[in-house]
Asks: 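Take this structure, written in C-alpha cells, and hold onto it; I'll ask about it next.
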Amino acid sequence: MKSPSSYHHPDLKSELLRASLKLLREDGLEGFTLRGLAQVAGVSHAAPYRHFRNKGEIIATLILEGHRLLRARLLASREALSPSNPESLFALGKAYLEFARENPVYLKLMFTQEAMTSAMLPHEPGIDFQETDSFGVLLETVQQCQANALLSPDQDSQALAIWIWSGVHGLALLQNAGMIAGLAAHGGRTENQLMGDIYRVMNSEYGGGKG
C-alpha cells in the first residue's frame with residue numbers, strides 16, 4: 001500500500017475516483033466510506049476532502065461521469081449511420097448492452113435510487129449537463145426515425161424512447177446478473193449464441209422500420 005503521505009499525488013482526484021470504483025465493485029454502495037476510500041487509494045484519511053465534500057459528492061461525480069461515458073458510446077455507435085438508416089436504433093441498443101457489460105459499477109450507480117439519493121446530484125457550476133445527457137441521444141434518434149417513417153410519427157417521441165430504453169435496460173440488468181448466461185446454458189447454448197439471437201430480434205424490432 002502506498003504511504004498515506006501520497007495525498008500529494010499529481011492527479012489525486014482521478015486516483016480517488018478510480019479507487020472509488022474499485023471499492024464500490026468490491027463492497028457495494030453500502031460498504032463505501034471515505035475512510036475505506038482513503039485506505040484503498042493509499043492516502044491519508046483527510047486527503048479525499050481536498051476534492052470532495054462528502055461521500056455523496058463522490059457518488060454524484062461518478063453518476064455524471066457514467067452518463068458522460070454512455071453518451072459518448074451511444075454517439076459513437078451511430079456516427080457512421082445516416083439518420084435514415086433503419087439500424088440506428090439497433091446500434092444504440094447494442095452499444096448500451098456493451099457499455100453495461102463493461103461498466104457494471106457505473107450502470108448500478110446511474111440507475112439505482114439508493115445511489116442517486118446518496119449523491120443528491122449537486123448542480124455545481126462548470127458542469128455541462130448536455131455532455132451527460134445519455135437519454136437525449138436515444139430521444140434524438142427516435143425523433144429522426146419518426147421523421148424518416150421508420151417509427152410511427154403518431155407516437156409521443158419521449159414515451160416511445162422511454163419504452164425502448166426500458167426494454168434494453170432490462171436486458172442489460174439480466175445480462176449483468178448472469179441470467180442470460182444461465183438461460184443460455186439451460187437451453188444448450190453459450191451466452192454469446194443467445195445474445196446473437198437477441199441482437200437479431202432487436203434488429204428486427206428496432207431496425208426493420210416497424211412503427
Side-chain angles (χ1 to χ4, degrees), residues 1-74 95-129 131-135 162 165-186 191-192 195:
M1 180 179 294
K2 294 176 288 186
S3 165
S5 64
S6 62
Y7 63 77
H8 295 296
H9 190 287
D11 192 2
L12 177 60
K13 184 173 183 179
S14 294
E15 180 63 25
L16 289 170
L17 292 175
R18 283 192 291 269
S20 295
L21 287 172
K22 181 177 186 296
L23 187 59
L24 287 163
R25 182 166 52 249
E26 294 174 352
D27 297 341
L29 187 62
E30 63 280 1
F32 183 81
T33 64
L34 290 183
R35 181 173 290 270
L37 171 60
Q39 185 175 13
V40 170
V43 298
S44 71
H45 292 158
Y49 293 98
R50 292 174 176 266
H51 291 284
F52 302 101
R53 290 190 294 268
N54 49 44
K55 164 185 169 178
E57 188 168 279
I58 295 176
I59 299 301
T61 300
L62 290 174
I63 289 174
L64 292 172
E65 176 66 5
H67 281 288
R68 187 189 69 77
L69 293 172
L70 176 57
R71 177 181 172 84
R73 177 72 69 90
L74 296 177
Y96 192 102
L97 290 171
E98 291 171 350
F99 174 86
R101 183 190 293 276
E102 296 168 13
N103 302 279
V105 176
Y106 274 127
L107 189 78
K108 186 172 183 180
L109 288 178
M110 291 157 62
F111 299 110
T112 59
Q113 186 63 42
E114 183 183 12
M116 295 181 71
T117 299
S118 173
M120 295 181 290
L121 293 175
H123 289 222
E124 296 189 356
I127 294 178
D128 184 352
F129 284 95
E131 290 186 356
T132 65
D133 182 14
S134 57
F135 176 73
I162 291 173
W165 174 33
S166 65
V168 177
H169 183 70
L171 184 58
L173 295 181
L174 291 174
Q175 168 190 267
N176 284 9
M179 294 296 294
I180 302 296
L183 290 169
H186 184 71
E191 181 180 13
N192 284 341
M195 285 303 297

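This is a predicted model, so every value here is computed, not measured. Keep in mind that the numbers below use all heavy atoms, side chains included, and drop hydrogens, waters and symmetry copies.
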Asks: For Asp133, does its backbone N or O pair with a side-chain atom of Arg71 as donor and acceptor, under 3.5 Å?
Replies: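 Yes: the side chain of Arg71 pairs with the backbone of Asp133.
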Asks: If you round to the nearest 0.5 Å, how far is CG of Leu64 from CG of Leu109?
Replies: 11.0 Å
Asks: For the backbone of Gly66 and the side chain of Asn103, can you confirm whether one donor and one acceptor N or O come within less than 3.5 Å of each other?
Replies: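 No, because the side chain of Asn103 does not come within donor-acceptor range (under 3.5 Å) of the backbone of Gly66.
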Asks: Does the Gln175 side chain pair with the main chain of Leu97, one donor and one acceptor, at a distance under 3.5 Å?
Replies: yes
Asks: Between Pro104 and Lys108, is there a side-chain heavy-atom distance shorter than 4.5 Å?
Replies: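 Side-chain contact under 4.5 Å: no.
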Asks: For the NZ atom of Lys22 and the CG atom of Leu37, what is their distance to the nearest 0.5 Å?
Replies: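 Between Lys22 NZ and Leu37 CG, I get 11.0 Å after rounding to 0.5 Å.
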Asks: Ile63 vs Thr132, test: side chain to side chain contact (heavy atoms under 4.5 Å, CB included). Steps then yes/no.
Replies: CA-CA 9 Å; Ile63 289 174; Thr132 65; over 6 Å; no
Asks: Once rounded to the nearest 0.5 Å, what's the spacing between atom CG of Leu62 and atom OH of Tyr106?
Replies: 5.5 Å
Asks: Hey, are Glu98 and Arg101 close enough for a salt bridge, meaning a charged N less than 4.0 Å from a carboxylate O?
Replies: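 Not counted as a salt bridge, because no side-chain N and carboxylate O are separated by less than 4.0 Å.
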Asks: Closest heavy-atom contact between Leu12 and Ala47?
Replies: CD2-O, 3.8 Å
Asks: Within this structure, what is the CD-CD distance for the pair Glu65 and Glu131, rounded to the nearest 0.5 Å?
Replies: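 CD of Glu131 is found 10.0 Å from CD of Glu65.
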Asks: Quick check for you: to the nearest 0.5 Å, what is the distance between Leu24 atom CG and Glu30 atom CD?
Replies: 9.0 Å
Asks: Report the distance from atom NZ of Lys55 to atom CG of Leu34, rounding to the nearest 0.5 Å.
Replies: 8.5 Å
Asks: Between Glu57 and Asn54, is any pair of side-chain heavy atoms under 4.5 Å apart?
Replies: yes
Asks: Closest approach of Ser44 and Ala38, non-hydrogen atoms and distance?
Replies: O-CB, 3.5 Å
Asks: Quick one: which of Asp11, Val40, Val43, Thr61 gives a side chain to side chain contact (heavy atoms under 4.5 Å, CB included) with Leu16?
Replies: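 The option that passes is Val43.
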Asks: Just wondering, do Leu107 and His169 contact through their side chains at under 4.5 Å, heavy atoms?
Replies: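 With C-beta onward as the side chain, the pair touches.
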Asks: Once side chain to side chain donor-acceptor pair (under 3.5 Å) is applied, do any residues pair with Thr33, and if so which ones, sequence neighbours excluded?
Replies: none
Asks: Quick one: sort the His67 and Phe111 rings into parallel, tilted or perpendicular, breaks at 30° and 60°.
Replies: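 Answer is perpendicular, since the angle exceeds 60°.
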